[in-house]
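Encoded as structure tokens, the structure appears first; notes follow it.
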Amino acid sequence: MTPARRMPAMIGRNGVAYGSSSALSLSQADLLDSHHLQQAFQQQLFDQIPSTGVDSSDNIIHGRSDTLADEFESKSCSENPDGTSGDDGQEDPNQRPNKKKRYHRHTQHQIQEMEAFFKECPHPDDKQRKELSRELGLEPLQVKFWFQNKRTQMKASSTTTLLLYNQHERQENAQLRAENDKLRAENMRYKEALSTASCPSCGGPAALGEMSFDEHHLRLENARLRDEIDRISGIAAKHVGKPMVSFPVLSSPLAAAAARSPLDLAGAYGVQTAAGGLGADHLFGVGAGAGDLLRSMSTGQLDADKPMIVELAVAAMDELLRMARLDAPLWGVGAAGAQLDEEEYGRVFPGGLGPRQYGLRPEASRDGAVVIMTRDSLIEILMDANRFAAVFSSIVSRASTHEVLSTGVAGSYNGALQVMSMEFQVPSPLVPTRESYFVRYCKNNSDGTWAVVDVSLDSLRPSPVLKCRRRPSGCLIQEMPNGYSKVTWVEHVEVDDRSVHNLYRPLVNSGLAFGAKRWVGTLDRQCERLASAMASNIPNGDLGVITSIEGRKSMLKLAERMVASFCGGVTASAAHQWTTLSGSGAEDVRVMTRKSVDDPGRPPGIVLNAATSFWLPVPPKRVFDFLRDETSRSEWDILSNGGAVQEMAHIANGRDHGNCVSLLRVNSANSNQSNMLILQESCTDASGSYVVYAPVDVVAMNVVLNGGDPDYVALLPSGFAILPDGPPGAAAPHGEGAAGSLEPGGGSLLTVAFQILVDSVPTAKLSLGSVATVNSLIACTVERIKAAVCGEGNPQ
């Protein structure tokens with residue numbers, strides 16, 4: 001760019017240079033005549049144009065107008081009274097020798113202020129220019145020129161951008177035209193090749209363009225069916241040992257383009273097909289045994305079965321959605337929520353999962369609730385085996401993810417597919433657990449709802465005995481305002497429950513033990529508990545020694561671990577080996593021993609678990625209120641030695657006042673004995689209630705109350721699990737008690753369980769004296785509870 005011409009300042013009648021800022025004052029009326037004023041303004045414009053060697057602190061301007069803008073962003077011309085020059089040293093011979101001009105850069109502050117003002121008002125009036133010049137220490141004319149050049153700069157920039165965009169568009173259009181010409185030429189070559197094609201069957205000219213729509217559709221369907229037969233034959237050959245049936249391949253060029261359809265559940269689960277008429281006993285008649293499911297699977301063994309698993313999961317999702325949305329006559333009223341009508345189910349799902357397995361009893365229920373948890377949080381819990389087992393610790397004793405076939409799409413769980421195994425429990429050693437090996441599939445539906453479905457994969461791990469088969473079960477989740485979600489739960493299984501104790505048979509047969517009502521009730525209660533744990537302040541209902549949010553959270557976390565440990569140690573899990581004691585006054589007391597080594601949450605040594613279950617002719621709520629009340633604790637707790645119990649801290653974690661965590665202090669009647677602290681949690685819902693407690697060390701509890709890590713507090717939880725004895729209005733189980741002794745609401749099934757450290761040395765042997773002591777303790781506790789709630793017998 002050619003450097004701008006520098007003009008000397010014009011000299012007025014009084015010898016004043018018009019190029020200086022002092023010569024631009026218009027208040028001196030007699031200073032200039034009109035001719036000289038015009039020359040002064042022209043000279044001012046030329047003097048403000050910088051050379052190309054001066055860099056702008058803001059922008060690099062292009063063109064003549066851009067050079068002008070750059071100067072007024074960076075420099076201004078002012079009079080130099082000292083005669084020093086900021087220019088290149090050249091002098092004008094018509095100007096006095098001691099008067100030279102000098103250029104000054106605008107300060108960074110001045111540029112920033114004018115830039116900010118320009119964003120608000122690109123066209124300031126005289127009053128605004130004068131105010132701005134007064135604030136920045138500039139002349140109004142300098143401010144005016146800066147804004148003029150800034151506007152010119154903006155116009156030039158937008159024009160350049162538009163030119164570049166038009167040039168890019170022209171180049172892209174040229175490329176597209178070239179590609180279009182190339183595709184047109186290629187299309188002509190293909191048409192020419194097809195016109196000379198011949199039929200492979202008759203040798204005559206092929207007439208592909210004359211094929212009717214029906215013929216085209218039939219060819220596609222034929223190819224799909226043959227591919228389906230080949231695949232099912234392969235599955236049959238793998239599981240039965242028969243060779244694959246070979247079918248001739250059509251010579252149609254359209255056969256390779258046939259799309260595969262989702263697997264029909266009737267074919268997958270053994271309904272008669274064209275592939276040899278294989279029944280359910282051949283394809284899916286045997287499943288994983290109860291003791292082998294959790295250890296029979298390892299990563300990488302499902303590669304060959306992935307297509308079948310995916311198609312099975314898709315079909316199971318379709319069945320779950322229909323079962324969750326349909327009402328009568330498919331669903332009727334039952335004790336455990338909505339009860340499935342088996343005949344209507346057979347009509348609505350004629351194929352289903354094939355015929356019912358011999359020796360297995362169908363059990364299906366549906367229930368729903370609005371829970372205080374977001375949809376995304378619920379899905380994260382359902383798709384994480386560890387978190388799922390923690391939330392449903394009273395139902396799930398063990399959970400494992402064997403293989404993740406799909407993690408979902410677009411960073412969400414939509415389309416996630418996992419192979420899992422779980423063990424489901426009832427808090428009593430009299431009810432065997434149910435083990436299931438299944439695939440879990442998560443999907444985002446078109447109506448905005450999310451669904452998670454489970455369906456058994458027992459056929460992939462054959463075993464002589466099948467105890468539990470999980471038909472499409474799961475939940476439908478609909479997002480609600482204010483962080484709530486509407487959950488519809490469907491539980492559909494086939495089980496062999498012949499080994500259930502007669503005391504619990506009415507409860508299990510009604511669906512209350514493992515049905516949807518128990519799942520939904522537990523989820524609702526746990527959501528309230530999690531909401532309480534996440535509270536940012538201490539509610540008014542919390543009392544006692546809790547003074548900080550961190551201490552409150554640590555105490556709730558410790559109580560959560562205590563309840564999970566209790567539930568996992570009182571069931572008839574395959575991992576437990578219970579021994580029934582005989583010759584005692586207690587009712588079928590079962591004991592087992594466990595060694596605790598290197599477990600920071602348990603004291604080291606030999607731990608003896610003892611549990612018993614019995615029936616009480618009073619409603620579960622009455623039993624629950626009696627056992628959780630600290631004022632009546634001395635009536636059944638032998639270890640308190642009759643001392644008064646005081647509640648030191650109280651945390652409410654649910655709408656029901658019975659859902660709470662308490663820290664109790666037992667004041668010993670003997671002044672020589674130290675007081676004992678007990679951590680207790682009581683929780684209740686429509687499916688059952690729990691009162692769990694454990695003695696805690698005073699020093700460790702102080703650490704927890706100050707927000708310390710509760711994982712290192714050693715606990716041996718004991719407590720009670722209270723369940724209804726069956727559906728409302730049922731008679732006493734096993735003929736116990738008089739029928740007229742049942743109060744409204746039915747009786748209760750109470751499980752009492754103790755965990756006691758009998759030896760602090762893990763390698764020590766269990767003595768018969770320790771077993772007898774624990775047996776006597778649990779028998780005496782049972783008698784005291786009976787005497788207190790039923791008014792029978794004498795407490796020992």
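Excluded from the calculations below are hydrogen atoms, water molecules and symmetry mates; all remaining heavy atoms, backbone and side chain alike, are included.
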>> When you measure from the side chain of Ser687 to the backbone of Lys517, do you find a donor-acceptor pair of N or O atoms at a distance under 3.5 Å?
In response: no
> So, does Ser400 use its side chain to make a donor-acceptor pair with the main chain of Ser421 at under 3.5 Å?
Replying inline: no
>> Does any part of the side chain of Cys475, heavy atoms only, come nearer than 4.5 Å to the side chain of Leu382, both counted from C-beta?
In response: yes
>> A side-chain contact here means heavy atoms from C-beta on lying under 4.5 Å apart; do Trp331 and Leu340 qualify?
In response: yes
> Are Leu723 and Tyr504 side-chain neighbours, meaning at least one heavy-atom pair lies under 4.5 Å?
Replying inline: yes
>> Whether the side chain of Arg434 engages the backbone of Lys467 through a donor-acceptor N/O pair (distance < 3.5 Å, no angle test) should be reported.
In response: no
>> Test side-chain contact (heavy atoms from CB on, under 4.5 Å) on Asn775 and Val591; report intermediate values, then the result.
In response: CA-CA 9 Å; Asn775 186 25; Val591 297; over 6 Å; no
>> Pairing donors with acceptors under 3.5 angstrom, does anything connect the side chains of Ser397 and Thr571?
In response: no
> So, Gln418 and Tyr413: side-chain donor and acceptor under 3.5 Å apart, yes or no?
Replying inline: no
> Is a salt bridge present between Arg470 and Glu491, judged by a nitrogen-to-oxygen distance below 4.0 Å?
Replying inline: yes
>> side-chain contact (heavy atoms from CB on, under 4.5 Å) for Lys443 and Asn414? Distances and angles first, verdict last.
In response: CA-CA 5 Å; Lys443 179 185 177 184; Asn414 183 26; 4.2 Å; yes
>> For Val493, is there any backbone N or O sitting under 3.5 Å from a side-chain donor or acceptor partner on Arg361?
In response: no
> Can you list the steps and then say if Ile756 with Leu716 is a side-chain contact (heavy atoms from CB on, under 4.5 Å)?
Replying inline: CA-CA 7 Å; Ile756 298 177; Leu716 285 178; 6.0 Å; no
> What distance do Tyr693 atom OH and Phe566 atom CZ have between them, rounded to the nearest 0.5 Å?
Replying inline: 9.0 Å
>> Between Pro724 and Leu507, is there a side-chain heavy-atom distance shorter than 4.5 Å?
In response: yes
> Nearest heavy-atom pair of Pro427 and Thr751: which atoms, and what distance?
Replying inline: O-OG1, 3.1 Å
> Are any non-hydrogen side-chain atoms of His501 and Ser613 less than 4.5 angstrom apart?
Replying inline: no
> How many angstroms lie between CG in Leu750 and CG in Leu627, if you round to the nearest 0.5 Å?
Replying inline: 6.5 Å
> Counting only heavy atoms not in Glu343, do more than 12 sit closer than 6.0 Å to its CD atom?
Replying inline: no
>> Rounded to the nearest 0.5 Å, what separates atom OG in Ser394 from atom CD in Gln526?
In response: 7.0 Å
> Would you say Val453 and Glu319 make side-chain contact, with heavy atoms under 4.5 Å?
Replying inline: no
> Roughly how far apart are Ile379 CD1 and Asn444 CG, rounded to 0.5 Å?
Replying inline: 7.5 Å
> Angle class for the Phe438/Phe424 ring planes (parallel below 30°, perpendicular above 60°, tilted otherwise)?
Replying inline: parallel
> Would you call Met323 and Pro472 a side-chain contact if the rule is heavy atoms closer than 4.5 Å?
Replying inline: no
>> Can you confirm whether Cys567 sits close enough to Tyr690 that some side-chain heavy atom of one is under 4.5 Å from a side-chain heavy atom of the other?
In response: yes
>> Is it the case that the side chain of Glu681 and the backbone of Val692 share a donor-acceptor pair, with hydrogens and angles ignored and the cut-off at 3.5 Å?
In response: no
> Does the distance from a Lys or Arg side-chain N to an Asp or Glu carboxylate O, for Arg347 and Glu344, drop under 4.0 Å?
Replying inline: yes
>> With a 3.5 Å distance limit and no angle check, can you tell me whether Ser365 reaches the backbone of Ala338 through a side-chain donor-acceptor pair?
In response: no
>> Testing Ile395, Asp685, Leu512 one by one against Arg518 for a side-chain contact (heavy atoms from CB on, under 4.5 Å), which residue passes?
In response: Ile395
> Nearest heavy-atom pair of Asn659 and Glu528: which atoms, and what distance?
Replying inline: ND2-OE1, 4.4 Å
> Is there a donor-acceptor contact under 3.5 Å from the side chain of Thr488 to the main chain of Gly368?
Replying inline: no
> Can we say Arg366 and Asp327 salt-bridge, meaning some charged N sits less than 4.0 Å from an Asp/Glu carboxylate O?
Replying inline: yes
> Between Cys442 and Val452, what is the shortest heavy-atom contact and its length?
Replying inline: SG-CG2, 4.0 Å
> How many angstroms lie between CD1 in Ile606 and CZ in Arg594, if you round to the nearest 0.5 Å?
Replying inline: 12.0 Å
> Closest approach of Ile778 and Val752, non-hydrogen atoms and distance?
Replying inline: CD1-O, 3.6 Å
> Given the rule in the side-chain contact (heavy atoms from CB on, under 4.5 Å) test, do Arg322 and Leu330 qualify, once you have shown the distances and angles that lead to the verdict?
Replying inline: CA-CA 10 Å; Arg322 295 176 65 187; Leu330 183 63; over 6 Å; no
> Is Ser436 reaching over with its side chain to a backbone N or O of Met422, donor-acceptor style, under 3.5 angstrom?
Replying inline: no
> Val487 and side-chain contact (heavy atoms from CB on, under 4.5 Å): which partner among Leu476, Leu378, Asp524?
Replying inline: Leu378
>> Can you confirm whether the side chains of Arg398 and Thr433 place a donor and an acceptor under 3.5 Å from each other?
In response: no
>> Show the nearest heavy-atom pair for residues Cys527 and Val371, with the distance to one decimal.
In response: SG-CB, 3.9 Å
> For the residue pair Asp725 and Pro506, what are the closest heavy atoms and their distance?
Replying inline: O-CB, 3.7 Å
> To the nearest 0.5 Å, what is the distance between CZ (Arg375) and OG1 (Thr449)?
Replying inline: 9.5 Å
